[in-house]
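Numbers here are sequence positions counted from 1.
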Amino acid sequence: MILRRSLRDILTKRNNIISTTSCTQVFSSSSLLALHGCSFVCRRFLSNQTFTHTHNNNQPGDILKIGRKIGQPYFETHPHLVNPQELTSGVSIEEYRSRREKIMSSLKEYSILIVANPSEKIMSNDIPYEYRADTNMMYLTGFKEPNSLCAIEKLSNGILIYHLFVRPRSAEKEKWDGPRVGVDDACRVFHCDFAYSIDSLGDILNPILERNQKIMWGITQPLDALSQVDSSFNEKLQDACPLLETNRVIKSASEIALMKEAGRIAGESFRSTMVFTQPNYIEWALAAHMEYQFRLMGADRSAFPPVVACGDNSLTIHYVSNDQPLREGSLVLVDAGCEYRGYNSDITRTWPINGKFTPAQRIIYDLVLSVNQRCIQLCRADGQMSIRKIHAESVKMMKKAVESLGIFPQDINIETLYPHGIGHFLGADLHDVQRVSTGIPLKPGMVITIEPGLYIPVLDYIPEPYRGIGIRIE
């Protein structure tokens, strides 16, 4: 275990100052008892355990050079992606610290918050799926490597202790899978107070959990090392996700800047894909072109599998088979977005495959576009408007517009033609902060989508030019 902050730094917060002169010292738990005012430190470790204390002289905002690659982009090795004073692209070490402090400020003393990056998921035999770090872990720490865990304690007098459990260095495994930050450098890079091997999770975390009265549990995906954690603590567990998501719903200036870039990349990719479109291509060709443009312009990945739906395939809201040809005279609905430095975009457009709308297609397109534009005008942080209220208004608009067409029975349920909500929160997750009610008033810093759609079934009573038209604009 490596300590980033010296004992002097921690104890000064309790008005108990001791002298530490050497950069690396080895303490046993019994020797800690001799340190004035250190009983709270002793309770944090197993008896008869030995740990290494490293005193780093960096100031709170410093980003240190470590002279090698780690398991994610770092300013020292990836200056084209991460700027000095940033821990991850676009986000400073101080912003991560501020996030942790803000969330922990709402908890009582002797509470602990736990989040984690899951184990890798295997696609076939020993071939893993592309890995993505847990959103809450990324939000609090910026740490992207798998099989890792963060525990933040709030002790007496508001002292916060930030523990980070990571994969240990391994020359053999790193030869095959790439570099790891390891225990020794985790504190230097991520400014945690204590770093440990994830292989020792049970030995270290169980005593930490025992001394805390409330355990805020934010782990939502499988982590192999959790089998080491004592299940007797379950009675102290509370779901941390509502607390985390309540904080995440308001985006910082840096988050908004990253989301704007994700939106720009997606917008340019849509323009390119529209030009690329031609009859007889298979739907997956548009998906491939879209994803290629995302990566070419610097996105990390697609935010989700693209929807490319020709003709009445668009009546399936999340159609992702993408295996039918693009037919002359039909529309194609494309729902796609990219992830850029951990933040997502989400866009849907519908266009004619041959470049020209039929009269019926134009009527339905203009109808949906009008609802889209009017709903965007309702996005106000006035203390009254919410996603739920905007959706209710969109249903009224759509119903009135559909009635004016004169092609549907007067008693038709509009939800059969417009079956989904008007939008959702957007952020580090595509469908972001799902535990936050869509009924809360919109506030500055929230990011939402507006995506009305109209989906006309293939039924005999509907005039043929309108059958199978599905249009969504987001």
For [X] and [Y], which I'm curious about, is there any donor-acceptor pair between the side chains at under 3.5 Å?
X: Y343; Y: E255; result: yes
X: N147; Y: S119; result: yes
X: T135; Y: R248; result: no

> Out of I152, L226, L209, which one pairs with I114 under the side-chain contact (heavy atoms from CB on, under 4.5 Å) rule?
Replying inline: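 When side-chain contact (heavy atoms from CB on, under 4.5 Å) is applied between I114 and each of I152, L226, L209, only L209 qualifies.
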>> Exactly one of L378, V371, I376, N372 should register a side-chain contact (heavy atoms from CB on, under 4.5 Å) with R374. Which one does?
In response: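 Looking at L378, V371, I376, N372, the match for R374 under the side-chain contact (heavy atoms from CB on, under 4.5 Å) is V371.
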>> Tell me if the centroids of the rings in H80 and F75 come within less than 6.0 Å of each other.
In response: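 No: the rings miss the under 6.0 Å criterion.
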> Do the two ring centres, one from Y196 and one from H163, sit under 6.0 Å apart?
Replying inline: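 Yes, close enough.
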> Salt bridge check: are R99 and E95 linked by an N-O gap of less than 4.0 Å?
Replying inline: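 E95 and R99: salt-bridged.
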> Got a salt bridge between R167 and E145, using NZ or NE/NH1/NH2 to carboxylate O under 4.0 Å?
Replying inline: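 A salt bridge is present here (some side-chain N lies under 4.0 Å from a carboxylate O).
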>> Between R169 and D184, is the salt bridge (Lys or Arg N to Asp or Glu O under 4.0 Å) condition met? List the steps.
In response: CA-CA 9 Å; R169 299 289 308 277; D184 289 358; over 6 Å; no
> Does K69 NZ have over 12 foreign heavy atoms under 6.0 Å away?
Replying inline: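 No, because the 6.0 Å sphere around NZ of K69 holds 12 heavy atoms or fewer from other groups.
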> Checking salt bridge (Lys or Arg N to Asp or Glu O under 4.0 Å) for the pair R301/E291: CA distance, chi angles, key distance, verdict?
Replying inline: CA-CA 8 Å; R301 59 177 65 86; E291 293 185 292; over 6 Å; no
> Taking the inter-plane angle between the rings of Y418 and H391 on a 0 to 90° scale, is it parallel (under 30°), tilted (30 to 60°) or perpendicular (over 60°)?
Replying inline: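 Tilted: the ring planes of Y418 and H391 meet at 30° to 60°.
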